Amino acid sequence: MVLAGFIFVVLLLVGGFTAGYLLIDIPPANAMATKQANVYLYADGTELARDSSKGANRENVPLSQVPKHVQHAVLAAEDRDFYGESAVDPKAMLRAAWNTVTGKGKQSGSTITQQYVKNYYLGQEQTVTRKVKEFFISIKLDREVSKDDILEGYLNTSYFGRNAYGVQAAAQAYYGKDIEKLSVAQGAYLATLVNSPNAYDVATHPENRANAEGRWNYVLNGMVKEGWLDSADRQEQKFPMPKQAKGAAGMSGQRGYVKDAVNDYLIANKIVDEKALNKGGYRITTTLQKPKQDAFVEAVDEQVMSKVDKKARKIDKNVRVGGASVDPKTGKVVAMYGGIDYTKQFVNNATRRDYQVGSTFKPFVFTSAVQNGSTTQSGQTITPNTVYDGNNRRPVQGWDGGQYAPANEDDGMYGDITVREATDKSVNSVYAQMAVDVGSDKVKDTAVALGVPEKTPDLTASPSIALGPSTASVLDMTEAYATLANHGQHGSYTMVEKITKGGEEVALPERGERTAVSREAADTTTSILRSVVDSGTGTAALAAGRPAAGKTGTAEEDKAAWFAGYTPDLATVVAIMGADPATAKQTPLYGALGEARINGGGYPARVWAQFTKDALEGKPAKEFDLELEAGADVPVQPDPSDGAEEPGTGDEDTGGATGGDEDTGGTADGGATDGGATPGQDQGGQTQGQDQGQTQGQNQGQNQGPTGGQDQGQTQGQTQGQNQGPTGGGADGGAADGGAADGGADQGGQQGALGGLTQGTTTGRGGGRNGD
């Protein structure tokens, strides 16, 4: 019976194989001329973009035209035993199936012959039926045509990204040359792309360069191992950076940026396979709202692009802008600004991950402190009123990784300073010490919980994490700030409302909201970020006309300036970046837009304010409903003489040398000329600043509550703090003029925020440096 059973199984398998081989014919080519467009819609159903490329970008070439080193590079990347193996590899197929079932990720387990059959004759569906057909067609094809013919077909049908099918189209798309002119290094890079075109296009996704280089080295090392490349020649190879990609003409304006961002979202979340998506036929309803999208473009055009003068200032050619806006309650991306025009600036500035976030990271350090109940080295619980030593280059205490003593902006010596004021002024020494007090590993964990991707470049657990060397994208930071706005509840952002193909709906993942940090941790952070807007470096955001919280930030050497902020209804981040239009290399923005420096509290905050005002027009303004940590509402009464040695504030990241605050955007009009030492001290300095700051700031600030009546949402404090703030520090001496020429810096003490006494004293003695 056992023998009979065994024979039956064998006969069944043989019969099944024979039937499959006889019944499944090699079908006609799956011509890409039948490729359909993907249609992208706004949330209201109106059309946003249509990827209407007809057919694929392909130019078939004979195998003899493809250099041997390019052929070998592809074989080294995809199938090193191609010429000596059978058409199918059952072991690899079983291993891939097992890895897929056990959750180790989808793996094809396919030979080059199988991949060619899938590309040319079938489709990209992950189904049993397709795999069975692929199996039998591969065997038949291998018996009927030569290995060279299969390799030629594979090289001409593989997708390399940038809508390029085949090595000839890829050679032109990435290097602007015909395939036979590619170098060894360039050929190896094209071979790298076959594995994951979206991930390894380093011109489009510069943050992925390390991974791309790793794969590129794998290919070259494989060529050496197989005897296709000499070891000495291998050592001479240098990574061949491809040329910048160009957007399709039909994707001008913001359309191409949105299309790419949506595609990246679908692929990253495994909603649609990259190759299937490129084949087309999907109807995608996005979460973007047309009025808000239009408002973002208008805000950037009016506040930034209208100031660009490429003839007068060569540096203006390097100005780039990125922005994103998320509804904190739903996680939906309602607006995105990727750049001036997709056909002119291909890389999406809202999703790229290669610019430092600067001081916009500092709020995550404080959030982590509250979340973990952290204390200072002396055992004091960290609250907005905890006093730290804010002196310049103060070595951090309690760090066993070596001495670390970061400089403050302009080498500022602040002495004893509260956390709230240190946040207003972005004092490096305070936040580096706080990162140690909390534990830099815990700070990283908190940032990730809020929404910063765990694999963000330079997101390392050390004291420097507080200064923002990590390179999260604008969209990443928007998601994290949206979590703060949503009282610590986090749900991953979404860009897609609905997706269908052929009338059938494609399943979308559940958003799944969870508690990232406690409400007290998020809300107490909001309270100090309100102070940044009301009396710190972000007062330009007051122009939105709503209760707002936010933080300014600047990358090293002023290569990028940020403003990240939110109202109860909307979280938005804006960044201005410097990039050489020819080489894409990051550049400082000194002198751009007619200003000595581009700071987070200037142009980014102005764009934020205009967009937020327009995007929420007609919607009643909401107060923040905050639940603070214990001790957060205990006022600190500083000694008026404490500010005597303060040289001024400024967001710390770049160390600018001209007058205005580093994150104010007021250096041109409010630095040493209009709001600096002479006019600031004589007109609005010690006399006006101290008298008004001490008298009105103390009376109003203390009467309204420890947080200026704003963080507690008290009506009286809100009215006085906001109405007086823009009048004294915003309109005349804030982001508009940036200094104390009109008394703006010094009258900032009237805004009713906690420490009105401190603000009046500090700005009085600091002249125009605190003008925004």
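Note that this is a predicted model, so its numbers are computed, not measured. Numbers for residues simply follow the sequence, beginning at 1. The figures that follow rest on heavy atoms only: side chains count, while hydrogens, waters and symmetry mates do not.
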Trainee: Answer whether the closest heavy-atom distance between the side chains of Val258 and Tyr342 falls below 4.5 Å.
Mentor: no
Trainee: Is a side-chain donor or acceptor of Glu47 paired with a backbone partner of Val39 at a separation under 3.5 angstrom?
Mentor: no
Trainee: At what distance, to the nearest 0.5 angstrom, does CG of Leu484 lie from OG1 of Thr367?
Mentor: 5.0 Å
Trainee: With rounding to the nearest 0.5 Å, note down the distance linking CG in Leu48 to OH in Tyr40.
Mentor: 10.0 Å
Trainee: Under a 3.5 Å cutoff, is there a donor and acceptor pairing between the side chains of Lys444 and Ser368?
Mentor: no
Trainee: Could you grab the distance from atom CG of Leu626 to atom OG1 of Thr524, nearest 0.5 Å is fine?
Mentor: 8.0 Å
Trainee: With a 3.5 Å distance limit and no angle check, can you tell me whether Arg162 reaches the backbone of Ala173 through a side-chain donor-acceptor pair?
Mentor: yes
Trainee: Is there a donor-acceptor pair under 3.5 Å between the side chain of Ser535 and the backbone N or O of Ser531?
Mentor: yes
Trainee: Is it the case that atom NZ in Lys307 sees more than 12 heavy atoms from other parts of the structure closer than 6.0 Å?
Mentor: yes
Trainee: Would you confirm whether Arg255, through its side chain, and Ala49, through its main-chain N or O, come within 3.5 Å as a donor-acceptor pair?
Mentor: no
Trainee: Evaluate whether atom NZ of Lys243 has more than 12 neighbouring non-hydrogen atoms of other residues, nucleotides or ligands under 6.0 angstrom away.
Mentor: yes
Trainee: Does any donor atom in the side chain of Thr537 or Thr552 lie under 3.5 Å from an acceptor atom in the other side chain?
Mentor: yes
Trainee: Say whether Tyr257 and Thr351, considering side chains only, have a donor N or O and an acceptor N or O under 3.5 Å apart.
Mentor: no
Trainee: Would you say that Tyr282 contacts Val506 through its side chain, given a criterion of any heavy-atom pair below 4.5 Å between the two side chains?
Mentor: yes
Trainee: Charged N to carboxylate O under 4.0 angstrom, Lys559 versus Asp354?
Mentor: no
Trainee: Using a strict cut-off of less than 4.0 Å between a Lys/Arg side-chain nitrogen and an Asp/Glu carboxylate oxygen, indicate whether Asp309 and Arg313 qualify as a salt bridge.
Mentor: no
Trainee: Could you give the distance from CG (Leu288) to CG (Leu41), rounded to the nearest 0.5 Å?
Mentor: 11.5 Å
Trainee: Between the side chains of Glu497 and Thr286, is a donor N or O closer than 3.5 angstrom to an acceptor N or O?
Mentor: no
Trainee: Under the criterion side chain to side chain contact (heavy atoms under 4.5 Å, CB included), which of Tyr337, Tyr603, Phe296, Trp562 is the partner of Val574?
Mentor: Phe296
Trainee: Checking Gln303 side chain against Pro604 main chain: does a donor-acceptor pair fall under 3.5 Å?
Mentor: no
Trainee: Is the count of non-hydrogen atoms from other residues, nucleotides or ligands lying under 6.0 Å from Lys290 atom NZ greater than 12?
Mentor: no
Trainee: Using the benzene-type ring in the case of Trp, are the ring centres of Phe361 and Tyr431 under 6.0 Å apart?
Mentor: no
Trainee: Using the side chain to side chain donor-acceptor pair (under 3.5 Å) criterion, which residues pair with Arg320? Sequence neighbours excluded.
Mentor: none
Trainee: Give a yes or no on whether the backbone of Val321 and the side-chain of Asn349 come within a donor-acceptor separation of less than 3.5 Å.
Mentor: yes
Trainee: Say you draw a straight line from OG1 of Thr567 to NZ of Lys622; how long is it, rounded to the nearest 0.5 Å?
Mentor: 8.5 Å
Trainee: Verify, without hydrogens or angle tests, whether Lys613 (side chain) and Gly545 (backbone) share a donor-acceptor contact under 3.5 angstrom.
Mentor: no
Trainee: Under 4.0 Å between a Lys/Arg side-chain N and an Asp/Glu carboxylate O for Asp424 and Arg420?
Mentor: no
Trainee: Do Thr526 and Tyr566 pass the side chain to side chain donor-acceptor pair (under 3.5 Å) test, and can you show the C-alpha distance, the side-chain angles, and the key distance before you say yes or no?
Mentor: CA-CA 9 Å; Thr526 297; Tyr566 52 93; 2.7 Å; yes
Trainee: When the side chains of residues 575-585 are checked against the rest of the protein, which donor-acceptor pairs come out under 3.5 Å, sequence neighbours left out?
Mentor:
| unit_1 | atom_1 | unit_2 | atom_2 | d |
| --- | --- | --- | --- | --- |
| Asp580 | OD1 | Ala582 | N | 2.7 |
| Asp580 | OD1 | Thr583 | N | 3.0 |
| Thr583 | OG1 | Lys585 | N | 3.3 |

Trainee: Enter the distance from Met251:CE to Thr343:OG1 here, rounded to the nearest 0.5 Å.
Mentor: 11.5 Å
Trainee: Decide, yes or no, whether a salt bridge links Glu409 with Lys425 under the criterion of side-chain N to carboxylate O below 4.0 Å.
Mentor: no
Trainee: Quick one: closest heavy-atom pair of Ala564 and Val573, and the distance?
Mentor: CB-CG2, 3.7 Å
Trainee: Got a donor-acceptor contact below 3.5 angstrom from the Asn38 side chain to the Leu277 backbone?
Mentor: yes
Trainee: Using modelled atom types only, decide if a donor and an acceptor are shared between the side chain of Glu454 and the backbone of Val448 within a distance under 3.5 Å.
Mentor: no
Trainee: Any donor and acceptor pair, going by atom type alone, linking the side chain of Thr471 with main-chain N or O of Arg353 inside 3.5 Å?
Mentor: yes
